[in-house]
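See below for the structure under consideration.
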Amino acid sequence: MQQEEQFSSLGNLGEFGLIDRLTQDFPLRQASSIKGIGDDAAILEFLSGRTVVSSDMLVEGVHFDLSYMPPQHLGYKAVAVNLSDIYAMNARPTQITVNIAVSNRFGIEYLDKIYEGIRHACEVFEVDLVGGDTTSSYSGLILSITAIGEVEETKVTERSGAKENDLLVVSGDLGGAYMGLQVLEREKTVFQANPSAQPDLSEYTYAVQRQLKPEARKDIPELLEKLGVLPTAMIDLSDGLSSEALHLSKASELGLRLYEEKIPIDPSIYKICEEFKLSATTIALNGGEDYELLFTIPLADHDKIKGNPHFTVIGHMTEKGDTAKLVARDGAEVPLKAQGWNSFEREDEA
Ligand code: ADP
Ligand code: MG
């Protein structure tokens with residue numbers, strides 16, 4: 001659990017001193033970044049293609065809990081979840097802006113650590129921090145990031161592009177981030193009851209890492225390009241597989257079938273689900289925050305991705321007018337629903 005070692009009041013530095021301190025050591029790497037931090041606005045130049053823009057806001061107590069979210073991880077995660085949306089457009093992220101609202105409860109050193117995480121993410125994903133805003137808040141911490149990216153006009157992957165009979169493919173594995181959160185919540189309760197307890201999280205490393213340090217799938221658009229596969233539609237998994245598959249189905253005006261037995265779940269996540277007496281399928285469908293990519297490809301491209309450890313074919317698109325359905329292990333078809341994990345019930349189990 002987090003303890004703050006040092007505490008220097010934000011008031012001592014003043015707004016401009018604080019901005020200068022936080023935003024130092026952010027070099028510009030992208031050719032499209034003409035001017036970064038320091039003027040009234042950043043100056044960008046995109047010479048061709050499409051520019052994509054996406055924002056996400058993280059609110060303390062709603063999206064994160066500082067008692068188990070280290071500030072470096074918070075900064076990194078805030079950037080990664082934004083970039084995930086850019087990758088979902090099959091675009092390459094180029095710049096971010098960071099808006100932060102903080103109360104006096106936070107020391108400068110704490111904000112330094114958040115920016116350390118942001119700086120690390122800028123290095124990993126090769127994006128430039130080109131601006132932002134800093135303001136005070138009476139209560140919690142709010143971190144809002146806008147990401148900008150570029151993509152060739154013919155390569156943009158919108159949610160609406162799926163075609164009948166396209167295969168539904170997902171990257172990585174699902175349910176880990178949600179189970180990581182369950183583990184952290186449980187440890188927090190134990191810690192509150194006995195502050196000297198030293199949690200042993202070694203069995204839960206993968207799940208906890210999926211929750212605290214999600215990776216935007218920078219590698220997936222690159223890999224697909226290399227394999228010569230252009231997805232017809234793509235979306236990132238922030239809210240859970242069910243809800244995102246429904247978005248694809250609705251935007252593309254098609255039905256779909258998603259096979260329960262195909263959903264990729266890591267063995268360690270199965271184990272934690274058993275321990276928590278939760279259905280791994282339910283968690284993978286509704287857990288959220290996995291930040292994997294869900295996309296559709298023409299049936300003819302199946303050979304190009306077949307056997308690739310990064311991809312799992314989990315279903316296919318059906319005709320216009322059909323609905324989205326989960327095909328259970330026993331063959332029963334259940335309407336796919338976007339809802340919280342605890343209100344999800346299979347009809348045959350209800
Ligand atoms: P203004 O008053 O014109 O909005 P600011 O004093 O807020 O300007 O910001 C000065 C510069 O610092 C601008 O380039 C702005 O984009 C940048 N900036 C301010 N806050 C942040 C932040 N939290 N992170 C990154 N850049 C920031
Ligand atoms: Mg400002």
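Values in this document were obtained by computation on a predicted structure and should not be read as measured data. All ligand and atom numbering here is 1-based and tracks the order in the structure.
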**Report entry** Ring centroid separation Tyr291 to Tyr87 under 6.0 Å
**Finding:** no
Report summary line: Honestly, for Asp39 the part within reach of ligand 1 (heavy atoms, under 4.0 Å) is backbone
Requested in this report: Determine whether more than 12 heavy atoms belonging to other residues, nucleotides or ligands lie under 6.0 Å from atom NZ of Lys271.
Outcome: no
Query raised in the report: Has ligand 1 got any nitrogen or oxygen that is less than 3.5 angstrom from a nitrogen or oxygen of Gly38?
Result: yes
Report task. Please state whether Tyr115 comes within less than 4.0 angstrom of ligand 1, counting heavy atoms only. Result -> yes
Query raised in the report: Does even one non-hydrogen atom of Val98 get within less than 4.0 Å of ligand 1?
Result: yes
Query raised in the report: Is Lys77 close enough and on-axis enough to Phe64, meaning under 6.0 Å and within 45°, for cation-pi?
Result: no
Query - Element-labelled atoms of ligand 1 that are located less than 4.0 Å from some non-hydrogen atom of Phe16 - result: 6 (O)
Requested in this report: Looking only at distances, please establish whether an N/O atom of ligand 1 is found under 3.5 Å from an N/O atom of Gly132.
Outcome: yes
Query raised in the report: Counting only heavy atoms not in Lys250, do more than 12 sit closer than 6.0 Å to its NZ atom?
Result: no
Query raised in the report: Should the ring pair Phe125 and Tyr76 be called parallel, tilted or perpendicular, given that the plane angle runs from 0 to 90° and is split at 30 and 60?
Result: tilted
Requested in this report: Pick, from Ser144, Gly131, Gly36, the option with the minimum heavy-atom distance to atom 26 (N) of ligand 1.
Outcome: Gly131
Query raised in the report: Against heavy atoms of Ile100, which atoms of ligand 1 measure under 4.0 Å?
Result: 23 (N)
Query - ligand 1 contact on Ile37 by region, counting heavy-atom pairs under 4.0 Å - result: both
Query raised in the report: Among Arg210, Gln209, Arg186, which one satisfies side chain to side chain donor-acceptor pair (under 3.5 Å) with Tyr204?
Result: Arg186
Requested in this report: Taking atom CD of Glu152 as the centre, report whether more than 12 heavy atoms of other residues, nucleotides or ligands fall under 6.0 Å from it.
Outcome: no
Report task. State whether Glu123 and Arg119 are salt-bridged, where the test is any N-O pair (Lys NZ or Arg NE/NH1/NH2 against Asp/Glu carboxylate O) under 4.0 Å. Result -> no
Report task. Report the part of Thr23 (side chain from C-beta onward, or backbone N, CA, C, O) that has a heavy atom under 4.0 Å from ligand 1; answer both or neither where that applies. Result -> side chain
Report summary line: ligand 1 to Asp40, heavy atom cutoff 4.0 Å, flagged ligand atoms 3 (O)
